[in-house]
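Naming: A, B, ... by sequence-line order, numbering from 1 per chain.
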Number of protein chains: 2
Amino acid sequence: MIGEVIAVDWGTTNRRAYRLAADGRVLAAIRDDRGILSLTPADYPPAVAALRVRLGDAPVLIAGMAGSTRGWREAPYVDAPADLAALARGVAPVAHDVAIVPGVALRGQRHDVMRGEEVQALGAVAAGLAPRDALFCQPGTHNKWIAVADGRIHRFATAMTGELFALLRTHGILSGMLDAAAVDGAAFRDGVARGAGATDLLDALFEVRARVLLGALSPGDAASFASGVLIGADVGARGDLAGRTVHLLASGPLAALYAAAIGLRGGDVLAIDSEAAFTAGIHALHALLPGEAQ
Amino acid sequence: MIGEVIAVDWGTTNRRAYRLAADGRVLAAIRDDRGILSLTPADYPPAVAALRVRLGDAPVLIAGMAGSTRGWREAPYVDAPADLAALARGVAPVAHDVAIVPGVALRGQRHDVMRGEEVQALGAVAAGLAPRDALFCQPGTHNKWIAVADGRIHRFATAMTGELFALLRTHGILSGMLDAAAVDGAAFRDGVARGAGATDLLDALFEVRARVLLGALSPGDAASFASGVLIGADVGARGDLAGRTVHLLASGPLAALYAAAIGLRGGDVLAIDSEAAFTAGIHALHALLPGEAQ
């Protein structure tokens, strides 16, 4: 019988930690900004001790960028296709009763990596929030698309959609033009149509400026159009979505924009609570670890 | 009979000025960093007076960003298709014996704008450096592709290739990975193959990082690969270049990378001296101005 576990989703800028009951229920949760960018390797042992003070004394399972070369200690990637059992075999002990979940690597014609998203996708399947064959989308700075087949992460892709939008908004010739909130509407949908399937994305981005200068796009709509171009390019790269269901691991304004773009491409969207997916994934992994198989 | 003229290519960060003889020969030249970003509108009259002190007293014809809303005074765009006569009709007087050449706008299904490049492209044709039907490429922060048909700028496109590379090199997750010089070689050519025709450019950019992390790309080659992805996407967006000649208005390392990518896509490259093209364009425009038609 397995016991309680502390699950930590340790990202680049943020951290979420949960105390999970033996049956997987969330007993307590913490969210803060102690992401890996604010920590050196020496900071992790006291940070984990502090988590235990607040959440109770239990084994700690960490996923996310804390397992990268820029985090606490590298937990080597497991290769796709990967299921929960493969992740469990790759879990790397890092201190007494503290271990790090490996990320997943894709090698071959395409190369890609993830750390943390694998727990959400496979956790969603383990908890029955998504079927064993499912396409997941996790919008963010680096949007992940994960194709799960028969409960295994089969293929995935990372799009720099959010990062590029942030760079263009802050620096360069479009800065100052993209300060309004990007919202779903005619300008966003025009952008999606321009970006989806485009082989000239570099031209489409400059067109934001040209359209504003020539009066073809109101300055207040420029951010929505540019967001549409980028999200349209991102969603459009997933091939034919007609009749397919995309399991969206996100909430808030960005999720709404992705849902709109996926809908425009013919896909159906099912929103999944990413925290529920994450804790389900850690709970399932914890049950698979050797020390727990008693 | 036309007289001498001072031709100024007044760009965002740099400025070039030439005294041209009545027959178009360059009698003297200045190049400095007094681009529009370093000037307010009130700075232009004394700046032009200072140019005349150094280059002699002659009418001044200015092209480039000095005619934008962020420059001295806006010279409204003329619409494509545009030839030298259309540009001449749009030349905007801004002070005694000083005038600004208009930029060119593309309106319709696609929107685009240029300021300064039109003088180079049409000047190259006027001087016989390129035929009256020619495709021009002007690599830079914002790469221009200009299709001239029967001596008129017919269509053009602006790709944010250089700006995006600079943003990725300086900010975000790829920063620190792209500091080496981008050079033509296997990594660059792999990047061109990855980027050309890609509908998933946002994925290809993240792949730079994934390939390095997974040992599929040496860190020293990352800049060349990323440059290849972006330049490949840019060149690949121009359709089938097989058997076509691209007139490259550039020199130096960036021109070499574009020439390599164009060659990989089957195109032939003819390099054109952009300064000769510019001065030929201003000389031809000057001859077309009403005050000179005596």
Identify which part of B:L214 has an atom lying under 4.5 Å from any heavy atom of chain A, answering side chain, backbone, both or neither. both

Hey, which of A:L106, A:L174, A:V113 has the most heavy atom pairs under 4.5 Å with chain B? A:V113

Looking at every non-hydrogen atom in both residues, tell me the closest pair between A:I173 and B:M160 and how far apart they are. CG2-CE, 4.3 Å

When the 4.5 angstrom heavy-atom criterion is applied to A:L213 and chain B, the contacting part is side chain

Output the distance between atom CG (A:L164) and atom CG (B:L168), rounded to the nearest 0.5 Å. 6.0 Å

Is it the side chain or the backbone of A:A198 that comes within 4.5 Å of chain B heavy atoms, both, or neither? backbone

Quick check on A:L205 against chain B: is it the side chain, the backbone, both or neither that has a heavy atom closer than 4.5 Å? both

For chain A and chain B, give me every donor-acceptor pair shorter than 3.5 Å, distances to one decimal.
unit_1	atom_1	unit_2	atom_2	d
A:R110	NE	B:E207	OE2	3.4
A:M160	N	B:L202	O	3.1
A:E163	OE1	B:I173	N	3.4
A:E163	OE2	B:I173	N	3.2
A:H171	ND1	B:H171	NE2	3.4
A:H171	NE2	B:H171	ND1	3.4
A:I173	N	B:E163	OE1	3.4
A:I173	N	B:E163	OE2	3.2
A:L202	O	B:M160	N	3.1
A:D203	OD1	B:R238	NH2	2.8
A:D203	OD2	B:R238	NH1	2.8
A:D203	OD2	B:R238	NH2	3.3
A:E207	OE2	B:R110	NE	3.4
A:R238	NH1	B:D203	OD2	2.8
A:R238	NH2	B:D203	OD1	2.8
A:R238	NH2	B:D203	OD2	3.3

